[in-house]
Amino acid sequence: MDLYCVMGNPVDHSKSPWIHARFAALSGQALRYGKRLVALDRFAAEVHAFIAEGGRGCNVTVPFKFEAAALACRCSARASLAMASNTLTFEDGTILADNTDGAGLVNDIQRNAGVDLSGRRLLLLGAGGAAAGVLGPLLQARPSSITVANRTRQRALVLVTRHEALAAQEQTALLVRDLQELTGDFDVVINATSSSLHGEAVPVPAGLLRHGALAYDLMYGAAARGFLQWAGEQGAAARDGLGMLVEQAAEAFLIWRGVRPPSAQVLDELRALLSH
Ligand code: NAP
């Protein structure tokens, strides 16, 4: 049986084993997918140990996504641009890195939520690993503009500078703003910060969302509640990151198995499971 896993620290909360087990069952693929808690200084060693055990690939979560891209022999274009990877494939003794976070987010917004991003004004909050993973695929959806705002402005500047050529190619205006100075009128606001994990308020002033806009938090469950409530109070449609989680897993499954799993069905099942 082909072996896969998710590596992270912490990793206990991860829904990836459940999601991949459902994908495998529904698409008739024989595989086993586990989770591995990795000590902070042991990521490379654990990857090589997993390969030695016959592992075919792994997902990578916090805090190892940057290290995963650096460890790989080869990176896909989207992992190179993000400088971060959430999906490693082991083939003939080489480590291939990809990043499916952005495709997962765009697929959830466009396919599952039915919101076309082309021509829209987007606000991306955050400039950490998750924001780095989603900015390229968001640009490729050809919105009219993407404004990136981060607590540490310099980090946003570095991220945006790296994406300038892609933005020009897609004819999307790419801007940096200070969180504190944010003004404007956005169609889609994406929260890729981890502020609520630390119990802190949503880092956005009121009045940024056009009525009927979409407010999307990459988090899900209790951690997303504050942002979703804020969005509702502004008259926006609110969506958490559970769909992104399932869709990024579906992209990884496609890379590994060559089969696109029924992600919408698995998302419905997971939502039902978590609501009990
Ligand atoms: P990260 O690399 O640690 O980055 C954290 C980001 O949050 C940085 O931009 C940081 O700003 C900002 N931040 C932290 N505390 C803040 C506060 N109090 N006020 C304002 N900004 C604050 O983390 P990450 O990997 O990007 O992950 C971000 C979130 O996305 C995590 O909660 C993760 O669970 C979620 N995520 C979800 C999915 C999914 O499939 N649904 C996939 C990936 C990630 P500074 O630069 O100033 O520190």
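One-based numbering, in listed order, for ligands and for the atoms of each.
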Polar proximity ligand 1 side, T193 side, N/O cut 3.5 Å exclusive: no
Heteroatom distance test (G126, ligand 1): nitrogen or oxygen, under 3.5 angstrom: no
D178/R153 salt bridge by N-O under 4.0 Å criterion: yes
Any N or O of Y220 closer than 3.5 Å to N or O of ligand 1: no
Heavy-atom donor-acceptor pair, D240 side chain to D217 backbone, under 3.5 Å: no
Flag for N191-T193: side-chain donor and acceptor within less than 3.5 Å: yes
Nearest neighbour of atom 26 (O) of ligand 1 from the list G102, A130, A84, on a heavy-atom basis: A130
Parallel, tilted or perpendicular: rings of F64 and F43 (30°, 60°): parallel
Atoms of ligand 1 close to A192 [distance to a heavy atom under 4.0 angstrom, numbered from 1]: 28 (C)
Test item, G104 contacting ligand 1 (heavy atom, 4.0 angstrom): no
Among M244, M219, K15, closest by any non-hydrogen atom to atom 42 (C) of ligand 1: M244
Ligand 1 atoms in contact with L245 (distance to a heavy atom under 4.0 Å): 40 (O), 41 (N)
Under 4.0 Å to a heavy atom of K65 - the qualifying atoms of ligand 1, by number: 43 (C)
P63 backbone acceptor or donor facing K65 side chain under 3.5 Å: no
Parallel, tilted or perpendicular: ring planes of F90 versus F50, cut at 30 and 60 degrees: perpendicular
Where ligand 1 meets R155 - atom numbers and elements under 4.0 angstrom, heavy-atom basis: 2 (O), 8 (C), 45 (P), 46 (O), 48 (O)
Given N99, T87, T100, N107, the one that forms side-chain hydrogen bond (donor to acceptor under 3.5 Å, both in side chains) with E251: N107
Which of the ligand 1 atoms, numbered from 1, are nearer than 4.0 Å to a heavy atom of T152: 45 (P), 46 (O), 47 (O)
Sub-3.5 Å N/O-N/O distance, G241 and ligand 1: yes
From G221, G129, S16 - option closest to atom 1 (P) of ligand 1 by heavy atom: G129
Same apolar cluster (I L V M F W Y, side chains within < 4.5 Å links), Y216/V134: yes
Side-chain ion pair, E53 and R32, N-O less than 4.0 Å: no
L179 N/O to ligand 1 N/O under 3.5 Å: no
Proximity of A127 to ligand 1 by residue part, where a heavy atom lies under 4.0 Å: backbone
Heteroatom proximity flag, L242 to ligand 1, N/O under 3.5 Å: no
Over 12 non-hydrogen atoms of neighbours within 6.0 angstrom of CZ in R74: no
Side-chain (R142) to main-chain (L117) donor-acceptor, under 3.5 angstrom: no
Sub-3.5 Å N/O-N/O distance, S194 and ligand 1: yes
